[in-house]
Amino acid sequence: MKITGTFLDEISHDIPHQNWGEKEWDADFANMRSIGIDTVIMIRSGYRKFITYPSKYLIGKGCYAPSHDLLDMFLRLADKYGMKFYFGLYDSGHYWDTGDMSKETEYNRFVIDEGWENYGQHHPSFGGWYLSGEISRRTKGVIEAFREQGEHCKAVSGGLPTLISPWIDGKKAVMAASATLSKEDAVSVADHEREWDEIFAGIHGAVDAVAFQDGHIDYDELDAFFEVNKRLADRYGLECWTNAETFDRDMPIKFLPIKFEKLRMKLEAAARAGYDKAITFEFSHFLSPQSSYTSAHHLFDRYREYFLKEKL
């Protein structure tokens, strides 16, 4: 199963910044296109006080004015390379501090309106919305938040599709700042199915696609969890994508490009489960031939050799 989409991780909190300008981003979009990527997803339009575009609303709330309008740049490049662009919503950090998702909807009502009015109507590549709140379980307010945000996105944009990318609360679901690589209280397949059945029942119609992150479970657990994900998505009429993480969660240094064999195993498990699309977090740091990590250059070559049958 080939990777046909990637997140754009310009506003991050645990991945080192590469300090690219438009020249480097243009080259990277060309690299993405060369392996068949047709979808780019801006992971978030802002995180806490750092934002991707000069939002009057968010600057008025105390966010820092950005040096460059990154959102405009990404949309122009997506237009140029014939890609579909998903607009990632704002993450205030309130959910991470409190476990309550409801506050995010309050901010994002304004961000959604700004994004569509100032950008969405002017770029043919603007093709959808990414609800950027990341969850793994039935958390406080999540069903209501996803439903309200998704419905608002669709209402302003004439029904453009919406995407979420939750994680599975497996043995490798530890905080990036943690010194450990695994935990004991991992979710069972049965509990995962029960909780996501309830979430999907509450959000279907407002959310069109789900791309579970694939890195928090072990490789011999992939088939069991992937089968549940696909069955539940089909039950509620959602597209089932995989978010194939191209960084390694098994290493004590967080985070480095993944070993190719691990990526191969995850993509092949998604193919066995009948997933609809493979996206990644994320091309530019972990799979790009111009990444600041040299090992990403080699991962790009191994990917091309195996999945695209290119002779290098």
Side-chain angles (χ1 to χ4, degrees), residues 3-12 20-22 25-33 36-47 50-59 63 66 68-91 104-105 107-133 146-165 203 205-211 238-239 241 243 276-284:
I3 293 170
T4 58
T6 182
F7 283 99
L8 302 172
D9 187 46
E10 185 54 33
I11 297 292
S12 180
W20 287 355
E22 185 156 349
W25 277 111
D26 193 316
D28 221 45
F29 271 65
N31 290 326
M32 295 173 199
R33 235 346 180 166
I37 287 177
D38 58 20
T39 305
V40 288
I41 305 134
M42 187 173 70
I43 189 123
R44 51 187 70 88
S45 51
Y47 177 62
F50 286 96
I51 55 179
T52 59
Y53 72 100
S55 163
K56 290 182 180 179
Y57 172 74
L58 292 174
I59 292 170
C63 290
H68 304 285
D69 189 335
L70 300 169
L71 173 56
D72 176 71
M73 180 191 70
F74 287 145
L75 281 163
R76 285 188 287 104
L77 291 174
D79 290 345
K80 177 179 178 179
Y81 289 98
M83 297 179 179
K84 179 182 285 189
F85 176 89
Y86 279 70
F87 178 96
L89 303 190
Y90 174 66
D91 184 343
E104 304 304 330
T105 302
Y107 293 113
N108 276 300
R109 287 193 186 98
F110 298 94
V111 171
I112 292 163
D113 290 344
E114 272 188 336
W116 181 250
E117 181 179 348
N118 297 335
Y119 300 89
Q121 299 180 71
H122 311 294
H123 291 276
S125 60
F126 196 112
W129 305 86
Y130 172 57
L131 313 186
S132 60
F146 279 160
R147 171 160 287 284
E148 290 171 15
Q149 291 172 23
E151 288 177 344
H152 192 68
C153 287
K154 287 175 170 294
V156 303
S157 65
L160 288 182
T162 56
L163 166 71
I164 61 172
S165 186
I203 67 174
V207 173
D208 298 294
V210 56
L238 280 72
E239 289 188 25
W241 301 2
N243 180 357
D276 300 300
K277 187 177 181 71
I279 63 174
T280 185
F281 184 92
E282 45 71 66
F283 181 88
S284 298

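Note that this is a predicted model, so its numbers are computed, not measured.
Asn243 and Ser165 get closest at one heavy-atom pair: ND2-OG, 3.1 Å. The shortest heavy-atom contact between Ala206 and Arg147 is CB-O, 3.6 Å. For the residue pair Gly127 and Pro161, the shortest heavy atom distance occurs at O-CD, 3.2 Å. Here the closest non-hydrogen pair linking Thr162 and Cys153 is CG2-CB, 4.1 Å. Scanning both residues, Leu131 and Phe146, for their nearest heavy atoms gives CD1-O, 3.7 Å.
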- Is there a side chain to side chain contact (heavy atoms under 4.5 Å, CB included) between Asp208 and Lys154 once you walk through the steps? CA-CA 10 Å; Asp208 298 294; Lys154 287 175 170 294; 2.6 Å; yes
- Message: What verdict does the side chain to side chain contact (heavy atoms under 4.5 Å, CB included) test give for Ile59 and Ile51, after you've listed the backbone C-alpha separation in whole Å, the side-chain angles of each residue and the deciding distance to 0.1 Å?
- Response: CA-CA 9 Å; Ile59 292 170; Ile51 55 179; 3.8 Å; yes
- Query: What's the verdict on side chain to side chain contact (heavy atoms under 4.5 Å, CB included) for Glu22 and His68, showing C-alpha distance, side-chain angles and the deciding distance?
  - Reply: CA-CA 10 Å; Glu22 185 156 349; His68 304 285; over 6 Å; no
- Task: Give the intermediate values and the outcome of side chain to side chain contact (heavy atoms under 4.5 Å, CB included) for residues Tyr53 and Val111.
- Result: CA-CA 10 Å; Tyr53 72 100; Val111 171; 3.7 Å; yes
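Between the side chains of Thr52 and Glu10, no donor-acceptor pair of N or O atoms lies under 3.5 Å.
Remark: Leu70 CG to Leu75 CG distance equals 11.0 Å, nearest 0.5 Å. Interatomic distance, Phe87 CZ to Leu71 CG, rounded to the nearest 0.5 Å: 5.5 Å. Rounded to the nearest 0.5 angstrom, His152 NE2 and Asp113 CG are separated by 3.5 Å. Separation of atoms CG (Leu77) and CE (Met32) is listed at 9.0 Å; rounding is to 0.5 Å. Atoms NZ and CD1, from Lys277 and Ile3 in turn, are 11.0 Å apart once rounded to the nearest 0.5 Å. Rounding to the nearest 0.5 angstrom, the gap separating the CG atom in Asp91 from the OG atom in Ser45 is 9.0 Å.
Using the six-membered ring where Trp is involved, Phe126 and Phe85 have ring planes that are tilted, between 30° and 60° apart. Note: Tyr107 and Tyr90 have perpendicular aromatic rings, judged against thresholds of 30 and 60 degrees for the angle between ring planes.
With sequence neighbours excluded, the residues satisfying ring pair (Phe, Tyr, Trp, His ring centres under 6.0 Å) with Phe7 are Tyr130. Every residue meeting the ring pair (Phe, Tyr, Trp, His ring centres under 6.0 Å) condition with Phe74, not counting sequence neighbours, appears here in chain and number order: Trp25. Residues forming a ring pair (Phe, Tyr, Trp, His ring centres under 6.0 Å) with Tyr57 (at least two apart in sequence, or on another chain): Phe110.
Checking each of Ile41, Thr4, Thr6 against Thr280 for a side-chain contact (heavy atoms from CB on, under 4.5 Å) leaves exactly one that passes, namely Thr6. Shown are Phe283, Phe29, Tyr86, Phe281; of these, the side-chain contact (heavy atoms from CB on, under 4.5 Å) with Leu8 is made only by Phe29.
A distance-only check finds a donor-acceptor pair linking the side chain of Arg33 to the backbone of Gly82 [under 3.5 Å].
Side-chain contact check for Ser125 versus Lys80: every heavy-atom pair is 4.5 Å or farther apart. Side-chain atoms of Trp129 and Val156, non-hydrogen and from C-beta on, do get closer than 4.5 Å to each other. Side-chain contact between Val210 and Ile203 is absent, with no heavy atoms from C-beta onward closer than 4.5 Å. Taking 4.5 Å as the limit, every side-chain heavy atom of Glu282 sits out of range of all side-chain heavy atoms of Ile43. Between Trp116 and Leu160, some side-chain heavy-atom pair lies under the 4.5 Å cut-off. Counting heavy atoms from C-beta on, the side chains of Asp38 and Lys84 never come closer than 4.5 Å. Taking 4.5 Å as the limit, every side-chain heavy atom of Asp9 sits out of range of all side-chain heavy atoms of Met42.
More than 12 heavy-atom neighbours from other residues, nucleotides or ligands sit within 6.0 angstrom of NE2 on His122.
Between Arg76 and Asp72, at least one side-chain nitrogen of the basic residue sits less than 4.0 Å from a carboxylate oxygen of the acidic one, meeting the salt-bridge criterion.
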